There are 2 protein chains.
Amino acid sequence: MAGRPKIFDEQEVISKAAQVFWEKGYEAASAEELLKAMGIGKGSFYLFFKGGKKELYEKSLQQFASNLLSRLRKEIAESQNPFEYLKTFFLELSDGANVHKAKGCFMGNALVEMAAKDEYTRKMIAKLLFELEEIFVDVIQTSKDKNVIKTDKSAELLGSHLLNLWNGINITKRMNMNDASLAALIKFNLDMVG
Amino acid sequence: MAGRPKIFDEQEVISKAAQVFWEKGYEAASAEELLKAMGIGKGSFYLFFKGGKKELYEKSLQQFASNLLSRLRKEIAESQNPFEYLKTFFLELSDGANVHKAKGCFMGNALVEMAAKDEYTRKMIAKLLFELEEIFVDVIQTSKDKNVIKTDKSAELLGSHLLNLWNGINITKRMNMNDASLAALIKFNLDMVG
DNA sequence: TTCATTCTGTACCAATCAGTACAAAATTTG
DNA sequence: CAAATTTTGTACTGATTGGTACAGAATGAA
């Protein structure tokens, strides 16, 4: 296998690009800005990303979601009380000091931007969010089975409720409510589950 | 007052522009497309909108919200049971046949796009959404006072919950859940209020 | 050390972006 | 009618967009 060695790792540059897309969105993230963040030139980029900016965006979303989902699954699996873990997971959203404060949810943002523009990408994003919902459903079902939570509602309904809570809070928090109100709102919604 | 008469009504062209911004977002809505929808040329546009595209965007949001809020206030005032009216208002979101299906909430979309980009516009949008929340709070407080709903939670908390429900559903619906599940999710959240 | 292969950086591209300049058109006033 | 005023349509601007072409750099194999 001859040839000049490549100077970058694909997963690494996708991760860098994802940060730019997360903050700016698809349209507003310029190719120049993305390449600068990735630390590679146009020659290399268009050789390895034949689909250009769109391919990079989709891979950014895929990788980002994949990391989030697997980290979440892992921490839930290791947790003594998965439902309590889920609560802290949501309550982190009310931390105004968080670095990602104004950025919201990368997937939610992408869904907003792509829903009316690109059906293929919309479906892709929807699938990723449904995976997140599935994690919620599983935790709820298990918690129900173990009598950790008491409810007469189905795990599916409650799971979709948590996904919707996630989607909602990631919008609402950007109105810059004070942290306490946001936390109270989240707690109220979590108490609805069990 | 002499001079060539203008061929357009300001409120009317803003309304047309709002439709384009609502569907495409700020960045993706091109000046050409906006002007075409508004039915006026560049000469007229830049004469009356000195602030260009950004001014048009802000006025679109203001006008859109103003219309929504006053219509909502009016229908609530005329309603026999304001809380029941609010329920139908939310349940309309689950109608997949709705024309505005994929567009979500204009203000929510704008908040997503502007939150990390333009603090002035973000604040403006936040204020509009807080006005919507205020309407929810008022209806809830009145309904509590009249014993239409029973709850030990404050109207403020429940109002913020409804705003967050609004924000959330407008994202979640774009995952293309089936109408029945979406309606069940909304009903579940409304039942939490009273 | 030469060759084939692979990757990189730069120069370049047409298309599109929001916005400006300005002459002509359409009106009221005198 | 002519003059003053206001709006309109078009031609044009420089900047930026995502993307391409390609020469040359860096490697392994022969």
Side-chain angles (χ1 to χ4, degrees), chain A residues 1-61 109-110 113-114 116-118 120-121, chain B residues 1-61 109-110 113-114 116-118 120-121:
Chain A
M1 199 171 68
R4 182 172 176 170
K6 72 164 123 175
I7 55 163
F8 67 94
D9 174 73
E10 194 155 323
Q11 293 306 311
E12 223 165 87
V13 298
I14 291 173
S15 168
K16 297 277 178 61
Q19 295 299 316
V20 178
F21 279 132
W22 187 8
E23 184 178 332
K24 307 245 173 177
Y26 177 73
E27 290 274 355
S30 73
E32 193 190 4
E33 194 173 6
L34 288 162
L35 290 170
K36 193 182 166 190
M38 292 189 281
I40 64 176
K42 290 197 163 185
S44 304
F45 175 71
Y46 283 102
L47 178 64
F48 289 95
F49 296 86
K50 290 274 165 26
K53 191 182 175 182
K54 196 60 164 283
E55 181 188 342
L56 182 63
Y57 186 60
E58 284 164 5
K59 287 190 172 170
S60 292
L61 281 161
N109 297 353
E113 188 168 2
M114 292 297 155
K117 190 190 302 184
D118 181 333
Y120 174 80
T121 311
Chain B
M1 203 171 69
R4 181 170 177 172
K6 69 165 125 174
I7 55 164
F8 67 94
D9 174 75
E10 194 157 322
Q11 293 306 310
E12 223 164 86
V13 300
I14 291 173
S15 168
K16 297 276 178 60
Q19 295 299 317
V20 178
F21 280 131
W22 187 8
E23 184 178 332
K24 307 244 174 177
Y26 177 72
E27 289 275 356
S30 72
E32 192 191 3
E33 195 174 5
L34 288 162
L35 290 170
K36 194 182 167 189
M38 292 188 281
I40 64 177
K42 291 198 165 186
S44 304
F45 175 71
Y46 283 102
L47 179 65
F48 290 95
F49 296 87
K50 290 273 163 30
K53 190 182 175 182
K54 194 60 164 282
E55 181 189 342
L56 182 64
Y57 187 60
E58 283 165 5
K59 288 190 171 170
S60 293
L61 281 161
N109 297 353
E113 188 167 2
M114 293 296 155
K117 191 190 300 183
D118 180 333
Y120 174 80
T121 311

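Computed from a predicted structure; not experimentally measured. Side chains are part of it too, since the values below use all heavy atoms of this structure and drop only hydrogens, waters and symmetry mates. Each chain gets a letter, A, B and so on, in the order the sequences are listed, and its residues count up from 1.
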Rounded distance in Å - [atom1] ([X]) to [atom2] ([N]):
| X | N | atom1 | atom2 | answer |
| --- | --- | --- | --- | --- |
| B/R4 | D/dT7 | CZ | P | 10 Å |
| A/L56 | D/dG19 | CG | P | 10 Å |
| A/M38 | D/dG18 | CE | P | 11 Å |
| B/K24 | C/dC17 | NZ | P | 10 Å |
| A/F8 | C/dG9 | CZ | P | 10 Å |
| B/L34 | C/dC17 | CG | P | 10 Å |
| A/F49 | D/dG18 | CZ | C1' | 15 Å |
| A/E10 | C/dT6 | CD | P | 16 Å |

Whichever of B/I40 and A/K50 has the more 5' nearest nucleotide on DNA chain D, that residue is B/I40

- Phosphate contact (D/dG19 OP1 or OP2) by A/Y46 side-chain N/O below 4.0 Å: yes

**Q.** Phosphate OP1/OP2 of C/dA18 contacted by B/K53 side-chain N/O (<4.0 Å)
**A.** yes

Base, sugar-phosphate, or nothing for [X], non-hydrogen atoms under 4.0 angstrom?
| X | value |
| --- | --- |
| B/I7 | sugar-phosphate |
| A/F45 | nothing |
| A/A28 | nothing |

Taking the minimum atom-to-atom distance to the side chain of [X], which one of [options] wins?
| X | options | value |
| --- | --- | --- |
| A/E32 | C/dT8, D/dT17, D/dA11 | D/dT17 |
| A/A2 | D/dT8, C/dT5, C/dT8 | C/dT5 |
| B/S44 | D/dT27, D/dT8, D/dG18 | D/dT8 |
| A/P5 | C/dA24, D/dA11, D/dA26 | D/dA26 |
| A/S30 | C/dC7, D/dT5, D/dT17 | D/dT17 |

Is the backbone of [Y] close enough, under 3.5 Å, to the side chain of [X] for a donor and an acceptor to pair up by distance?
| X | Y | result |
| --- | --- | --- |
| A/S60 | A/L56 | yes |
| A/E58 | A/T121 | no |
| A/E55 | A/K50 | yes |
| A/K117 | B/E23 | no |

| task | Would you verify whether the NZ or CZ of A/K6 falls within 45 degrees of the ring axis of A/F8 while also being under 6.0 Å from that six-membered ring's centre? | result | yes

* Cationic tip of B/K54 within the cone over B/Y26's six-membered ring, i.e. under 6.0 Å and within 45° of the normal? -> yes

Between B/E27 and B/G43, whichever has its closest DNA chain C nucleotide further toward 5' is B/E27

- Query: Ignoring hydrogens and angles, does a donor from either the side chain of A/K42 or the base of C/dG9 sit under 3.5 Å from an acceptor on the other?
  - Reply: no

